[in-house]
Amino acid sequence: MWILIVSLIVLGLFSALLSLPWHNKDGDDTVINAGTDCSTCNGDNAKCEQTCMMEAATKEVEYFDDEELDRFRERPSAAYRDEEAEEFREVLYTMRPEEVRAWTRSLTLRGISLPDQVKDEVFVLLEP
């Protein structure tokens, strides 16, 4: 009988210790945000990028004054002519460097592939 009582006490203490990290300092049951902000994703953390892409997919697509690029939906990246790739460059070089990552997410969500001619330039701007 004592073994059962001691076991229940140990199990209760163990479960209480495990639940401590899930509560904030005030003791209420509000969820603590892990602090991931998609603007801080820099490409080093694949999980951050994936989470932000899934989060972006549930929101309305953000446009960067580039609605004219929607006509390139479902086109393979190698199928762009140089004149068409230049349209992507015009948009790319009119935005701030911190907007480039969000712009590439927007293109992906809209089903638009970056032209091969522009990819190197985009990757250079994405570097931290």
Side-chain angles (χ1 to χ4, degrees):
M1 181 68 167
W2 286 106
I3 294 175
L4 179 61
I5 293 172
V6 171
S7 297
L8 288 174
I9 292 171
V10 169
L11 181 61
L13 290 173
F14 182 71
S15 62
L17 287 174
L18 284 179
S19 68
L20 284 178
W22 300 104
H23 297 287
N24 61 17
K25 295 174 186 166
D26 298 332
D28 61 356
D29 289 333
T30 57
V31 176
I32 300 172
N33 190 353
T36 57
D37 179 14
C38 291
S39 64
T40 62
C41 289
N42 60 7
D44 292 339
N45 186 342
K47 186 174 181 178
C48 180
E49 291 293 324
Q50 181 181 15
T51 301
C52 289
M53 185 60 79
M54 290 187 319
E55 179 182 315
T58 62
K59 296 180 182 176
E60 191 171 323
V61 174
E62 181 179 4
Y63 282 86
F64 292 83
D65 198 23
D66 64 346
E67 292 82 2
E68 70 277 4
L69 299 179
D70 283 344
R71 72 179 192 276
F72 298 120
R73 278 193 178 130
E74 307 303 323
R75 183 181 289 196
S77 61
Y80 289 98
R81 295 188 318 270
D82 288 338
E83 303 83 36
E84 294 169 334
E86 192 60 37
E87 291 182 49
F88 285 82
R89 277 192 189 93
E90 288 175 17
V91 174
L92 176 65
Y93 289 113
T94 58
M95 64 180 56
R96 295 185 315 261
E98 60 270 12
E99 294 177 318
V100 175
R101 187 170 307 282
W103 179 60
T104 58
R105 279 192 201 105
S106 171
L107 291 176
T108 301
L109 292 171
R110 291 158 48 196
I112 303 170
S113 298
L114 273 173
D116 287 346
Q117 299 95 313
V118 180
K119 284 183 180 179
D120 288 341
E121 297 164 60
V122 170
F123 291 136
V124 167
L125 291 172
L126 287 176
E127 290 294 315

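Not measured: the values here are computed from a predicted model.
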Any link between Ile5 and Ile3 through a network of hydrophobic side chains (Ile, Leu, Val, Met, Phe, Trp, Tyr) touching at under 4.5 Å? no
Can you see which heavy atom on Glu68 is nearest to which on Val91, and at what distance? OE2-CG2, 3.8 Å
Compare every heavy atom of Gln117 with every heavy atom of Ser77, then report the nearest pair and how far apart it is. O-OE1, 4.4 Å
So Phe123 and Leu114, do their side chains get closer than 4.5 Å, heavy atoms only? no
Can you tell me how the ring of Phe72 sits relative to the ring of Phe88, calling it parallel under 30°, perpendicular over 60° and tilted otherwise? tilted
Starting at CZ of Phe64, measure out to CZ of Arg96 and round the result to the nearest 0.5 Å. 9.0 Å
Under 3.5 Å, is there a donor-acceptor pair between the side chain of Glu87 and the main chain of Leu69? no
I need the Asp66 CG to Arg110 CZ distance, nearest 0.5 Å. 4.0 Å
Taking side chain to side chain contact (heavy atoms under 4.5 Å, CB included) as the definition, give me every residue that meets it alongside Thr94, ordered by chain and number, with sequence neighbours left out. none
Hey, does the side chain of Thr108 reach the backbone of Thr104 with a donor-acceptor pair shorter than 3.5 angstrom? yes
Within the distance-only criterion (no hydrogens, no angle test), does the side chain of Arg101 pair as donor or acceptor with the backbone N or O of Glu98 below 3.5 angstrom? no
Checking Glu62 now: which residues fulfil side chain to side chain donor-acceptor pair (under 3.5 Å) with it, not counting sequence neighbours? none
